[in-house]
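Please read the structure below before turning to the comments.
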Amino acid sequence: MTNLYCNYDSNKKKFEDDFKDCSDFLLREAIVCGEKCFFCVMDGLVDSLQLSQMVVSPMLRRNLDFQNNTDLFNQLKLKVVNSVELNEAETFEDCYYFLMSGFCVFILDGCNKSMVFGIQGWARRSIDEPSSENNVKGAKECFIEALNDNKALLRKRLKTHHLKFKQIKLGSAADTPVVIAYIDNRADSKLVNEVENRLNSAEFNTVADYGELVPFVDTDIKSFFSCVGNTERPDVAASKLLEGRVLIMMEGTPFAIFLPYLFSDSFQSVDDYDNPPFYSGFIRVLKYLSFILSIFLPGIYVAVGTFHQELIPTNLLFTIASEEITTPFSLMTEAILLLVLYEIMREAGLRLPQAIGHAVSIIGGIVIGETTVNAGIIGAPMLVVIALTAISSYVVYPLYESISVLRFLFIIIGGITGMYGIILGAGVVFVNICSLNPFGVPMSSPISPLDKHSLGDIFYRETWLKLSKRKVRVNKLRGADIDIGKEK
């Protein structure tokens, strides 16, 4: 890292050479109290009105008595500038980082350090309703791509000095600001330090999105399930912080990731805590049932229809047989074919422009839903099973990626080994979930190991008269043992 020079012309030449052919780099020379200086900013990242009123005008209009340029520098910093967000930078790399973050850099002749003023003013998306975590009764605001605004949303909800935002820079080619948020009297200090160490030890050229950070803080155990959660809702992020979790936010993405992530988190939503407990419990049961159906139903149908027809009621067996006898494919091939076509349609509707996406959904529904059955390519019972599976998978949307792959595997297992393979495969999946132990906190807790005191918000939801008295901390769950380093 190269330190700033004391010579004015050397500093100016260095800035101009490094930002050659950068049309958004603006440099303005000036005379302050008889001494040469210059201001530089990146066009589009600063508020020009604030720059003029809070920094440039006060400096140019003020006359000061000073002994040397260092004394002038300090007086300007303490007596003249009106900017609240004010820092010093001593290297060119730090100055460039501040420039890219919407700061104004001030260089004074005879000083080997600069002043940087926070006058950010770039265009940003308004705080709107969450698009991926919809709710009926909860708050209608979400994180946006501006890191400072996201920190403010959390600070607004958690009005306590215990909420900490530890900011680091990641990326060797281009620095990206990343914030580690936690509540210091609730989160385990070992957990916070381990998360910071893993991020700092990661080797990035630059960080484009939050997904690039996940592998460095996720488990080392091979699994279809991630031990890192994500959310775009400030209220959800605040509740996770209150439970002793650690939140990671970065510039340029509206999603924050939190850890450790429990398996039961996938079945909770904001509306659960606004609805009556009996209804919230009913919805929770439906979510767990939908998770089971979305993974195992196609595989069980293929296994029973191929190897265990005696388990099917006689009338239903005749119906299935009459439909399947005219189709050219086996049950396993039909199920895989339908699911592949469904995933293709879903991906096409997701990536295409919204207006065209609706057309794809309509055409796909007609082609797959009616034409294939009438043509005798696919049996109607199989179509019903796949449709129920597809709908169920969206009920527990945080696990969709895992579900979409696992159900293919269970179809193949059911088509080759029958129910015996399905049962054995299910055991392997659940054992794998129980084996995940991110940062010493069992992912399957408080179900396994069983913690009766923490079950009041898992399969059902207790009333707020009881929930308000609970002091849930992830590091206090039974079996939790926060440990430095990767999983054992």
Side-chain angles (χ1 to χ4, degrees), residues 1-32 35-61 73 76 81-126 144-150 167-179 204-210 212 250-254:
M1 299 181 71
T2 307
N3 291 325
L4 293 170
Y5 309 121
C6 290
N7 182 269
Y8 171 84
D9 293 325
S10 299
N11 285 328
K12 180 173 176 289
K13 185 178 185 304
K14 173 69 173 173
F15 271 85
E16 290 177 338
D17 289 345
D18 288 344
F19 286 95
K20 182 181 179 181
D21 296 331
C22 294
S23 60
D24 58 339
F25 175 71
L26 305 179
L27 186 147
R28 183 191 189 281
E29 297 184 86
I31 301 294
V32 173
E35 298 294 331
K36 294 189 295 183
C37 64
F38 65 85
F39 304 88
C40 51
V41 297
M42 302 303 294
D43 189 22
L45 297 183
V46 299
D47 187 324
S48 300
L49 183 61
Q50 287 190 44
L51 174 62
S52 174
Q53 294 180 345
M54 301 175 64
V55 178
V56 178
S57 293
M59 283 191 178
L60 296 181
R61 294 176 179 176
F73 182 92
L76 291 172
V81 177
N82 296 324
S83 177
V84 175
E85 191 174 3
L86 191 153
N87 295 284
E88 291 185 1
E90 298 182 353
T91 66
F92 286 100
E93 287 77 7
D94 287 340
C95 289
Y96 298 163
Y97 176 78
F98 281 114
L99 278 176
M100 310 302 176
S101 301
F103 283 69
C104 170
V105 175
F106 170 74
I107 303 289
L108 181 65
D109 187 19
C111 294
N112 61 350
K113 59 183 177 180
S114 66
M115 274 189 284
V116 290
F117 316 103
I119 48 173
Q120 297 90 339
W122 57 74
R124 64 193 69 180
R125 181 168 61 95
S126 62
I144 61 174
E145 289 75 12
L147 182 59
N148 286 339
D149 290 349
N150 293 341
Q167 186 158 324
I168 60 177
K169 294 184 290 185
L170 298 180
S172 57
D175 290 331
T176 301
V178 175
V179 164
F204 294 103
N205 287 325
T206 184
V207 184
D209 211 344
Y210 75 95
E212 299 178 24
M250 61 171 287
E251 185 72 48
T253 177

Exercise for the section: Quick one: pull up CG in Asp47 and CD1 in Ile119 and give me the separation to the nearest 0.5 Å. Expected result: 7.5 Å

Exercise for the section: In plain terms, say whether Lys14 and Asp18 are close enough for a salt bridge, that is, a side-chain N and a carboxylate O under 4.0 Å apart. Expected result: yes

Practice task
Compare all side-chain heavy atoms of Phe38 with those of Glu16 and state whether any distance is below 4.5 angstrom.
Solution key: no

Handout entry: From CE (Met42) to OG (Ser23), nearest 0.5 Å
Key = 8.5 Å

Completion exercise
Note: Asn11 and Cys111 closest approach over all heavy atoms is ND2-O, 4.1 Å

Practice task
Output yes when a side-chain donor or acceptor of Ser114 lies under 3.5 Å from a complementary backbone atom of Ala89, and no otherwise.
Solution key: yes

Handout entry: Close aromatic pair by centroid cut-off 6.0 Å: Phe103 and Tyr97
Key = no

Problem - Main-chain N/O of Lys169 paired to Asp175 side chain as donor or acceptor, under 3.5 Å - result: no

Problem - Rounded distance [0.5 Å steps], SG in Cys22 versus CG in Leu27 - result: 12.5 Å

Practice task
In sequence, state the C-alpha distance, the side-chain angles, and the governing distance for Tyr5 and Lys13, and then conclude on side-chain contact (heavy atoms from CB on, under 4.5 Å).
Solution key: CA-CA 11 Å; Tyr5 309 121; Lys13 185 178 185 304; over 6 Å; no

Exercise for the section: Would you check, one step at a time, whether the test side-chain contact (heavy atoms from CB on, under 4.5 Å) holds for Val32 with Leu60? Expected result: CA-CA 6 Å; Val32 173; Leu60 296 181; 4.0 Å; yes

Fill in the blank from the handout: Heavy-atom closest pair (Cys40 atom, Leu99 atom, distance to 0.1 Å) is O-CD2, 3.2 Å

Fill in the blank from the handout: Closest heavy-atom pair, Asp9 versus Lys36, reported as atoms and distance to 0.1 Å, is OD1-NZ, 4.0 Å

Completion exercise
Rounded to the nearest 0.5 angstrom, the NZ-OG1 distance for Lys113 and Thr91 is 13.5 Å

Problem - Heavy-atom pair with the smallest gap, counting every atom of Leu76 and Met59 - result: CD2-CG, 4.2 Å

Exercise for the section: Could you tell me whether a side-chain N or O of Asn150 sits under 3.5 Å from a main-chain N or O of Ile144, the two making a donor and an acceptor? Expected result: yes

Exercise for the section: On the 0 to 90° scale, with breaks at 30° and 60°, tag the Phe106-Phe117 ring pair as parallel, tilted or perpendicular. Expected result: tilted

Problem - Glu251 to Ala146 - nearest heavy-atom pair and separation - result: OE2-CA, 3.6 Å

Exercise for the section: Measure up the Tyr96 and Phe19 rings against each other and bin them: parallel (under 30°), tilted (30 to 60°), perpendicular (over 60°). Expected result: perpendicular

Practice task
Applying side-chain contact (heavy atoms from CB on, under 4.5 Å), run through Tyr8 and Glu29 and close with a yes or a no.
Solution key: CA-CA 11 Å; Tyr8 171 84; Glu29 297 184 86; 2.6 Å; yes

Handout entry: Distance (rounded to the nearest 0.5 Å) between Asp94 CG and Thr2 OG1
Key = 11.0 Å

Fill in the blank from the handout: Rounding to 0.5 Å, atoms CG (Leu86) and CE (Met115) come to a distance of 6.5 Å

Practice task
Under the side-chain contact (heavy atoms from CB on, under 4.5 Å) rule, what do Leu170 and Met250 come out as? Steps first, then yes or no, please.
Solution key: CA-CA 10 Å; Leu170 298 180; Met250 61 171 287; over 6 Å; no

Fill in the blank from the handout: Closest non-hydrogen contact found for Cys6 with Asp109 is O-OD1, 3.6 Å

